[in-house]
Each structure stands twice: as C-alpha cells, then as structure tokens.
Amino acid sequence: VYGSEVLMPLLGGSGGGGGPDRGGGGGGGAILVASSQQIVFVGSGRIQSIGGNGFAAGAGPGSGSGGAIRLVAPRIDNQASNVRSLDVSDLGSLLSGGQVRLDATDLSGLRANLLPPAPTTSVGNLMAVFPPPTVTPSLDITRVGPTPIAGGTRVDVTLPSALAATQPVLVHARNLDRATLALAIIPDSGPASFFRVPITGTDLDVTVNATFPLNRAVTLEAWSE
C-alpha cells in the first residue's frame, strides 16, 4: 500500500515482483472522482482499481497491489438500494489491497461493499482535491557592486582596484521569511570572510555590504540559516 491515508498525493499500487521468464503484474491505477455537490452511485457497476495478475499456473511472478480510489463531495450516497462496490484488490492472492478514501460531510446514504474485505480505508471531510503547490525556497545573487549577475548561489567575480573595497551584494530571497542570509567571500588564496543579514520577507532583495580583496578572483556563496 502506497501513499498517505488521505491519498494526497494520489498514488496507485506497486507492480509485482518479476520471475525468470516474465514480469510481475502491474499495480492498480489511481482514481479520483470529485464533485462540488454530490456523488451518487447508479446502476450496478463498481469503481475498480485492481492490481494485475502475475501468476502463471499458480506460481511465478507476483501480482501487482491494488490501487487507490478517492471520492470527494459534500454528499456521497446510493440512488437505489442495491449495494455498490469500491474494489482495490489484486487479481492474484487477493491479499495486496490498495487504499480507499472517502471525503464527505454526509455519508448517511452510502451503502458500499469494499473489496478486498479489509482494505486500507479512511473517511474524512477534506474537501481539497489537489495538494497545495510545493513552495521551494531559493536564493539568487543578482548584483555585486555595480555589476549585475545572472543569478545563483555561487558566483565568481573580480573587482577592480578603482572600486571601494566595501561593496553591496544584492541577493534575492524567495520563501525564506524569518531566516538568516549567510554570504561567504572566498578568495583564491587566504581566509574567507563571512557576512550575515536577517531575511524579513518571503520575496525580497537583501543587501549585504561586504568587504572584498580588490584585483583578486573571489567566489561568493550564499545560503540560508
């Protein structure tokens, strides 16, 4: 069984182990049915996410595990009285069940037969259909003194002697609020210098007034602490 019980992100089943002359069965797929109003079962069908059979004459490669079924709606019920099925079994041993997740505020009218007899099933009222977007923190050195930089956390520069030794270094910080920007100036020989400035927003330019050895190649490295 793969993924969290809330099925966010939505993951199917795993493939079965292969044998000497053939591969294992495929894992069951991942099914999401969502509505802003209701999901009503009609007819006599079933929702299936079944793992593929990997057995040949009772032996050999393993079956894939059952997949995932997630239903999301304020109300989930049956239109008629006959029982419906949510099937996340596998076709081989019937032991490698997948996951079923029901998210609703009203399940009073639902009569569903879950297969296999004891799948990994959870019930809740999480109305979100997709997981929130991943927020990736980043740092980009964009300027050293008067010189624009293409960006990145590691750049090589040489400042001419016509400039003052102390120069502003501009670093763009994203999604790093309440962190500290650390900047190292590493010359081609000799000790490195370190500077630290607080980051006070989630998307802003941070200025570090750093002291450089002039007419010498240095490497700037930026990171968060």
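By convention here, the first residue in the shown sequence is residue 1.
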In residues 189-200, what donor-acceptor pairs under 3.5 Å come from side-chain atoms, sequence neighbours left out?
from	atom 1	to	atom 2	distance (Å)
Ser189	OG	Arg216	NH2	3.1
Arg196	NE	Glu225	OE1	3.0
Arg196	NE	Glu225	OE2	3.3
Arg196	NH2	Glu225	OE2	3.1

Of all pairs that satisfy salt bridge (charged side-chain N to carboxylate O under 4.0 Å, His left out), the ones with a partner from residues 63-75, not counting sequence neighbours
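Pairs touching residues 63-75 that pass the test: Arg70-Asp103, Arg75-Asp77, Arg75-Asp106.
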Go through the structure and list residues passing side chain to side chain donor-acceptor pair (under 3.5 Å) with [X], not counting sequence neighbours.
X      : result
Thr147 : none
Ser36  : none
Ser35  : none

Please report the closest heavy-atom contact between [X] and [Y], naming both atoms and the distance.
X      : Y      : answer
Ala30  : Leu10  : CB-CG, 3.7 Å
Ala217 : Thr158 : CA-OG1, 3.4 Å
Ile141 : Val155 : CD1-CG2, 4.1 Å
Ile31  : Ser49  : CD1-CB, 4.1 Å
Ile76  : Leu71  : CD1-CB, 3.8 Å
Val218 : Pro187 : CG1-CA, 3.8 Å

Count I, L, V, M, F, W, Y as connected when their side-chain heavy atoms are under 4.5 Å apart, and connections chain through other members. Are Leu170 and Val157 then in the same cluster?
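No, Leu170 does not connect to Val157 through the hydrophobic network.
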Establish whether Ile47 and Leu102 are linked, either directly or via other cluster members, by ILVMFWY side-chain heavy-atom contacts under 4.5 Å.
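Same hydrophobic cluster.
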Applying side chain to side chain contact (heavy atoms under 4.5 Å, CB included), name anything that partners [X], two or more places apart in sequence or on another chain.
X      : answer
Ser122 : Glu5, Arg101
Pro148 : Arg143
Gln48  : Arg46, Ile50, Asp87

Would you tabulate the side-chain donor-acceptor contacts of residues 202-211 under 3.5 Å, counting partners in other chains and residues two or more places apart, or write 'none'?
from	atom 1	to	atom 2	distance (Å)
Asp203	OD1	His172	NE2	2.5
Asp205	OD1	His172	ND1	2.7
Thr211	OG1	Thr166	OG1	3.3

Do Ile39 and Val33 have side-chain heavy atoms sitting under 4.5 Å apart?
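Side-chain contact under 4.5 Å: yes.
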Does the pair Leu110 and Phe41 meet the rule for a side-chain contact (heavy atoms from CB on, under 4.5 Å), with working shown?
CA-CA 9 Å; Leu110 178 64; Phe41 284 80; 3.9 Å; yes
Could you tell me whether the side chain of Ser65 and the main chain of Gly27 form a donor-acceptor pair under 3.5 Å?
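No.
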Hey, what else clusters with Val6 if you join Ile, Leu, Val, Met, Phe, Trp, Tyr whenever side-chain heavy atoms sit under 4.5 Å?
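In the cluster with Val6 are Met8, Leu126.
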When clusters are formed from ILVMFWY side-chain contacts under 4.5 Å, directly or step by step, what else is grouped with Ile186?
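Ile186 shares its hydrophobic cluster with no other residue.
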Please set out all donor-acceptor pairs under 3.5 angstrom arising from side-chain atoms of residues 173-182, sequence neighbours excluded.
from	atom 1	to	atom 2	distance (Å)
Arg174	NH1	Asp140	OD2	3.1
Asn175	ND2	Thr136	O	3.1
Asp177	OD1	Gly201	N	3.2

Kindly compute the distance separating OG1 (Thr153) from CH2 (Trp223), expressed to the nearest 0.5 Å.
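Between Thr153 OG1 and Trp223 CH2, I get 10.5 Å after rounding to 0.5 Å.
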From Leu11 CG over to Gln99 CD, what is the distance, rounded to the nearest 0.5 angstrom?
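The distance works out to 8.5 Å.
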